[in-house]
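Take a look at the structure below.
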Amino acid sequence: DAKTTQPPSMDCAEGRAANLPCNHSTISGNEYVYWYRQIHSQGPQYIIHGLKNNETNEMASLIITEDRKSSTLILPHATLRDTAVYYCIAGRNTDKLIFGTGTRLQVFP
Amino acid sequence: SAVISQKPSRDICQRGTSLTIQCQVDSQVTMMFWYRQQPGQSLTLIATANQGSEATYESGFVIDKFPISRPNLTFSTLTVSNMSPEDSSIYLCSVGGTILAGAFNEQFFGPGTRLTVL
């Protein structure tokens, strides 16, 4: 079973920040938090990952709580092209990743 | 990063037949995985493809139905055997672990193979 829980859907206005929450209360100490997204049934696209510290890259920011039991993916200025299913996964790069049901983000004009 | 290609990209097959899907990576990787995504569903892991040994299957998936080969560190195949309409899905491979030319911490996914069984 997936180790993460996410809301099934969210809406966001174009140009606004999209904040996608994820709960991973049973995450192990050596497991990362990974975020992927999938657009139109293409292969999942890697977004960002983190272990303990907050992370930022050109696509998004990842905020991980101090107890590591939850995290938030932030898309700072959502565009229509960010409409996708977003998956939060707890795991290691050398191990299998178990996908949950994800959050379907709809960005509207 | 790793660039992954899959062949075929899509196919329509008759029930009772078999289809072999290929996954090619542009660099050597330690881990390769096969996933299935049924219509409207999330990804489900089928198996871990182990180089030089038998694949490790997840609960609900068996070797007779989904034989997997991994002859080297850049290539793997998944065969969907004796197909039925319930096998209609997108099949994806992913890679992870250490690329021998450098390390990375994420897994990368191929574009998927869309299979329709009539």
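Reckoned from all heavy atoms, side chains included, excluding hydrogens, waters and symmetry mates. Model, not experiment: these values are computed from the prediction.
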Check: When rounded to the nearest 0.5 angstrom, what distance separates CE in B:Met31 from CZ in A:Arg92?
Finding: 9.0 Å
Next item on the list: Please answer: with hydrophobic residues joined when any side-chain heavy atoms are less than 4.5 Å apart, are B:Leu45 and B:Val80 in the same cluster?
Entry: no
Notebook entry, point to check: Any link between B:Val3 and B:Val25 through a network of hydrophobic side chains (Ile, Leu, Val, Met, Phe, Trp, Tyr) touching at under 4.5 Å?
Noted result: no
Notebook entry, point to check: chain B heavy atoms under 4.5 Å from A:Gln38: which part of the residue, side chain, backbone, both or neither?
Noted result: side chain
Item checked: Side-chain touch B:Ser94/A:Leu97, heavy atoms, less than 4.5 angstrom -> no
Notebook entry, point to check: Just wondering, more than 12 heavy atoms not from A:Arg104 lying within 6.0 Å of its CZ?
Noted result: no
Next item on the list: Report yes or no: do B:Met32 and B:Ile63 belong to one cluster of Ile/Leu/Val/Met/Phe/Trp/Tyr joined by side chain heavy-atom distances under 4.5 Å?
Entry: no
Check: Which bit of B:Leu43 is near chain A, if near means a heavy-atom gap under 4.5 Å: side chain, backbone, both or neither?
Finding: both
Item checked: Trace of the ring pair (Phe, Tyr, Trp, His ring centres under 6.0 Å) decision for B:Tyr35 with A:Phe99 -> CA-CA 10 Å; B:Tyr35 290 82; A:Phe99 282 72; 5.7 Å; yes
Note to self: How about NZ on B:Lys65, more than 12 heavy atoms from neighbouring residues, nucleotides or ligands closer than 6.0 Å, or not?
What the structure shows: yes
Notebook entry, point to check: If every non-hydrogen atom of A:Thr101 is compared with every non-hydrogen atom of B:Ser42, which pair is closest and at what distance?
Noted result: CA-CB, 4.3 Å
Margin query: Give me the atom names and distance for the closest heavy-atom approach of A:Asp95 to B:Gln107.
Written below: O-NE2, 2.6 Å
Note to self: Please check: side-chain N/O of A:Gln42 versus main-chain N/O of B:Gly112, any donor-acceptor pairing under 3.5 Å?
What the structure shows: no
Checklist line | Exercise: identify the closest heavy-atom pair between A:Tyr87 and B:Gln37 | finding: OH-NE2, 3.8 Å
Check: Do the side chains of A:Phe108 and A:Val85 join up, straight or via other hydrophobic residues, at under 4.5 Å, putting them in one cluster?
Finding: no
Next item on the list: Check whether A:Leu73 and A:Val107 end up in the same hydrophobic cluster, where Ile, Leu, Val, Met, Phe, Trp and Tyr are linked by side-chain heavy atoms less than 4.5 Å apart.
Entry: yes
Item checked: chain A contact via B:Glu58 - side chain, backbone, both or neither, heavy atoms under 4.5 Å -> side chain
Next item on the list: Report the C-alpha separation of A:Tyr46 and B:Phe109 in whole Å, then their side-chain angles, then the decisive distance to 0.1 Å, and conclude whether the side-chain contact (heavy atoms from CB on, under 4.5 Å) test is met.
Entry: CA-CA 8 Å; A:Tyr46 165 80; B:Phe109 286 80; over 6 Å; no
